[in-house]
A.B. asks: 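My questions will all concern the structure given below.
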Number of protein chains: 2
Amino acid sequence: MSTGVNLKELAAELKLAPSTVSRALNDSYEISEATKKKVVFMAEKLNYQPNPFARSLRENKSKTIAVIMPERMSSFFAKVVDGIEEVTQQHGYHLLVYSTHEDVEREKKIVSLLMNGRADAIVMSVSSQTSDISHLAKLHERGFPLIFFDRICSEIPTTKFITNDYESSYEGTKHLIQQGCRKIAFLMLSKELSITKERYRGYLDALQAAGLSPTPSLQVTCAHDEEKNIEAIRAMLTSEDRPDGLFSSVEKLALATYHAVKRTDIKIPQDLKIISFFSNLSIAGLLTPSLTTITQPTFEIGEECAKLLMKKLTKPRQPDLPNQVISIPSKIIIRSSTIAV
Amino acid sequence: MSTGVNLKELAAELKLAPSTVSRALNDSYEISEATKKKVVFMAEKLNYQPNPFARSLRENKSKTIAVIMPERMSSFFAKVVDGIEEVTQQHGYHLLVYSTHEDVEREKKIVSLLMNGRADAIVMSVSSQTSDISHLAKLHERGFPLIFFDRICSEIPTTKFITNDYESSYEGTKHLIQQGCRKIAFLMLSKELSITKERYRGYLDALQAAGLSPTPSLQVTCAHDEEKNIEAIRAMLTSEDRPDGLFSSVEKLALATYHAVKRTDIKIPQDLKIISFFSNLSIAGLLTPSLTTITQPTFEIGEECAKLLMKKLTKPRQPDLPNQVISIPSKIIIRSSTIAV
DNA sequence: TTGTAGGCGTTATCAA
DNA sequence: TTGATAACGCCTACAA
């Protein structure tokens, strides 16, 4: 399906050797300006496009980055990918994008499919089911460039980009307490997730600093089924031990909470104050009442992942990606869901 | 960065010729069962992964599909891509995903980057700026498999998947009229877009059938800047000629309308009834009041695009993609924003 | 049933 | 400054 001419044909047209034409197109110092001009002109005229596979085979690199994320329909992940694309596109890289649908088996399959060199690096956020990380460890051990963002694997010694999960959660919880909350629920995805652990830690420490202690029945672990999540949250909100505040560690659970509240006669913020990690700002403002958010630097996280990768991949003899966690701060935006009444 | 062994090394380990090993792995009838077993066993043991570029170079196909869409942060496009991925993954295809950000120049650049065979086909929805379609026409003329969905190019003789834009808009407008609306606004993106044209036609015909005529000042063409859109809508909603109903032809403009309404003292549905093409069902139910939607078969559109493509690409000597428009119906889901009061 | 050889389109090495 | 040649890893005639 390659449509234009190839190097050999272009060379024949120019009555030059393929190697000469190749060098001319790659702006080699060995080639005279006159020849370069002729070659470039003819290449444009015949619409010559180098075959990417021949090049990849030869150079052993694909100019392609793989992005693996747990779901596509999420403003957070969509914006991160936008950030990645913004940077990689400038360097002529392409993006293979995969969704695991929070399924670790799919994650493993995708990773194994990428071990053959189809991509030069992987940028990923692990599924909520991922506790066995052998597939990722193997990848890294073999020297495959791997970067984590948001939902990271601390055990794997590579670079990870996150937001300041602990501090933001601490501040967010503190905000709820300042607004008068005493019994604060915590909503999370799998406890295995790095973001769950850090955000939970921030929440617990803020409670403790205020002399409060967490109520076990108000710590709700959610799963992938939205309806079940809504029901579990509704049950919790209407239980004996009902909360007066709620901290949601991810966007989708804040939405589930609004759905759950709709099924009760609970009033936000009078009866229940809500704060959540959230990146869809337009929606946050439209919810009723508008939602106080911990707004993540989504686009920037994507950009930073990509910048680091581009540095590593486009310059010769770069060292391995350093084992470090880089944190980009979130911003708390106070809206109506946490107003004291 | 290719990590495992290659065919030659695998063959050496087995004391067989590379060609024999290749055939064994491809389950050729010429190879004895015993040899096949040995080869497959050793391949797994040494974690042999065929080099995709060598294969692509040889077979002149990439096992990769490119998806080009106007924006990533859209439930509609995200779900379509999920649908595409669901099908293509089963056939061992990978997805290169690009966002044009509604910018036709970016669209052209991406398309030109894909003319070299990096992808075996393109599935796309054009940008709202796309009126000159020469870049797409060229692609198709060269025999490159190209499928459109949603925002299509009728001029290009290939297969397009859409929802029943005209009928749904007709029915949606009729619904507003039945609920008592007499002055119905219409919100659209660029008038160049196929979906704008069809949806507008359905709207106009429904008005006419009811003996109503469109008010020019209530036909609002929006752009990419959300804040400007909100202001334009607000101005229209509070003008002399203010509407009592509103038809939004795309999801983002319904959200902009809710934002605009928040800046006025207009009450939905009392003063203004709203219906919109919309695919984020969870959000539609959370808006206040909940939004009556024309719910598109997003996932299915993606699946159908991919099924057709897989048929064309995985079977030998398939004909060109037929010049036809395949329509998959939307469903109108009535919620509170159009309740008669 | 298995082995040998050539070529897919590039780029790099070596020679002229 | 340019040209000939080999090699990247795979698959497939053709030969044995």
Side-chain angles (χ1 to χ4, degrees), chain A residues 1-40 42-43 46-64 92 113 115-120 314 316, chain B residues 1-40 42-43 46-64 92 115-120 316:
Chain A
M1 209 53 50
S2 199
T3 49
V5 296
N6 63 25
L7 195 60
K8 213 162 71 181
E9 292 161 345
L10 176 58
E13 193 67 34
L14 286 156
K15 298 192 204 300
L16 285 170
S19 57
T20 306
V21 176
S22 172
R23 276 177 289 215
L25 291 170
N26 293 323
D27 203 24
S28 160
Y29 68 94
E30 309 171 290
I31 304 292
S32 73
E33 283 307 319
T35 308
K36 279 185 190 172
K37 280 231 172 65
K38 269 195 306 191
V39 168
V40 168
M42 186 61 79
L46 300 187
N47 191 41
Y48 168 72
Q49 303 266 51
N51 180 310
F53 304 117
R55 195 173 256 179
S56 291
L57 182 59
R58 189 53 236 244
E59 309 200 323
N60 200 29
K61 58 185 192 178
S62 62
K63 284 256 184 182
T64 302
L113 246 31
M115 298 240 277
N116 60 14
R118 189 179 279 270
D120 296 337
T314 60
Chain B
M1 209 51 55
S2 198
T3 52
V5 297
N6 64 23
L7 196 60
K8 209 161 77 181
E9 292 161 346
L10 176 57
E13 193 67 34
L14 284 158
K15 299 195 203 302
L16 285 171
S19 58
T20 306
V21 176
S22 172
R23 278 178 284 219
L25 290 171
N26 292 325
D27 204 24
S28 159
Y29 67 96
E30 308 170 291
I31 305 293
S32 73
E33 284 305 319
T35 308
K36 280 184 188 171
K37 280 232 173 63
K38 270 194 308 194
V39 168
V40 168
M42 185 61 79
L46 300 187
N47 191 41
Y48 168 72
Q49 304 265 53
N51 180 308
F53 304 118
R55 198 173 254 180
S56 291
L57 183 57
R58 187 52 234 250
E59 310 201 327
N60 200 29
K61 56 185 195 180
S62 62
K63 285 250 179 189
T64 302
M115 298 240 277
N116 59 12
R118 188 178 278 272
D120 296 336

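Labels below follow one simple rule: chain letters A, B, ... track the order of the sequence lines, proteins then strands, and each chain is numbered from 1.
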A.B. asks: Going by atom type alone, with no hydrogens or angles, which donor-acceptor pairs under 3.5 Å involve a side-chain atom of residues 8-21 of chain B and a protein atom two or more places apart or on another chain?
C.D. replies:
from    : atom 1 : to      : atom 2 : distance (Å)
B:Glu9  : OE1    : B:Asn6  : N      : 3.0
B:Ser19 : OG     : B:Arg23 : NH2    : 3.2

A.B. asks: If only side-chain N and O atoms of A:Asn6 are considered, is one of them under 4.0 Å from the OP1 or OP2 phosphate oxygen of C:dG9?
C.D. replies: yes
A.B. asks: Rounded to whole angstroms, how far apart are CG on A:Leu16 and C1' on C:dT10?
C.D. replies: 17 Å
A.B. asks: Let me know the distance between CG of B:Leu7 and P of D:dG9, rounded to the nearest Å.
C.D. replies: 10 Å
A.B. asks: Toward the 5' end of DNA chain C, which comes first, B:Thr35 or B:Arg58, by nearest nucleotide?
C.D. replies: B:Thr35
A.B. asks: Check the distance between C:dG9's P and A:Leu57's CG and give it to me in whole angstrom.
C.D. replies: 12 Å
A.B. asks: Applying side chain to side chain donor-acceptor pair (under 3.5 Å), name anything that partners A:Thr314, two or more places apart in sequence or on another chain.
C.D. replies: none
A.B. asks: Counting only heavy atoms and a strict 4.0 angstrom limit, can you tell me which residues of residues 17-25 of chain B come near DNA chain C?
C.D. replies: B:Ala17, B:Ser19, B:Thr20, B:Arg23
A.B. asks: What parts of residues 26-34 of chain A reach DNA chain D, counting only heavy atoms under 4.0 Å away?
C.D. replies: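 Listed by number, they are A:Glu30, A:Ile31, A:Ser32.
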A.B. asks: Suppose we screen for side chain to side chain contact (heavy atoms under 4.5 Å, CB included). Which residues come up paired with A:Ser62, at least two apart in sequence or across chains?
C.D. replies: A:Ser56, A:Thr64, A:Asp120, B:Phe53
A.B. asks: For B:Lys61, give me all partners under salt bridge (Lys or Arg N to Asp or Glu O under 4.0 Å), at least two apart in sequence or on another chain.
C.D. replies: none
A.B. asks: Using atom CG of B:Asn116 as one end and atom P of C:dG9 as the other, report the distance to the nearest whole Å.
C.D. replies: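 It is 13 Å, rounded to the nearest whole Å.
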A.B. asks: If you take all heavy atoms of A:Asn116 and B:Pro52, which pair is closest and at what distance?
C.D. replies: O-CD, 3.4 Å
A.B. asks: From the set D:dT12, D:dG3, D:dC10, return the single nucleotide nearest to any side-chain atom of B:Glu59.
C.D. replies: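 Selected nucleotide (nearest to the side chain): D:dT12.
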A.B. asks: Calculate the interatomic distance between B:Phe53 atom CZ and D:dG9 atom C1'; express it in whole Å.
C.D. replies: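 Distance, rounded to whole Å: 12 Å.
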A.B. asks: From CZ of A:Arg55 over to C1' of C:dA12, roughly how many Å is that when rounded to an integer?
C.D. replies: 14 Å
A.B. asks: Write down the atom of B:Tyr48, the atom of B:Leu7, and the distance for their closest heavy-atom approach.
C.D. replies: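 Answer, listing the atom of B:Tyr48 first, then B:Leu7: CE1-N, 3.5 Å.
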A.B. asks: B:Leu14 CG to C:dT1 P: how many Å, rounded?
C.D. replies: 18 Å
A.B. asks: Can you measure B:Asn51 atom CG to C:dC8 atom P for me and round it to whole angstrom units?
C.D. replies: 18 Å
A.B. asks: Mind listing the side-chain donor-acceptor pairs of residues 28-36 of chain A below 3.5 Å, one per line with the distance, residues two or more places apart or on another chain?
C.D. replies:
from    : atom 1 : to      : atom 2 : distance (Å)
A:Ser28 : OG     : A:Glu30 : N      : 3.1
A:Ser28 : OG     : A:Glu30 : OE1    : 3.3
A:Ser32 : OG     : A:Thr35 : N      : 3.2
A:Ser32 : OG     : A:Thr35 : OG1    : 2.7
A:Lys36 : NZ     : A:Asp27 : OD1    : 2.9
A:Lys36 : NZ     : A:Ser28 : O      : 3.1

A.B. asks: Can you run through DNA chain C from 5' to 3' and write each base as (, ), [, ], | or . depending on how it pairs? Watson-Crick or G-U wobble, both distances under 3.5 Å.
C.D. replies: ||||||||||||||||
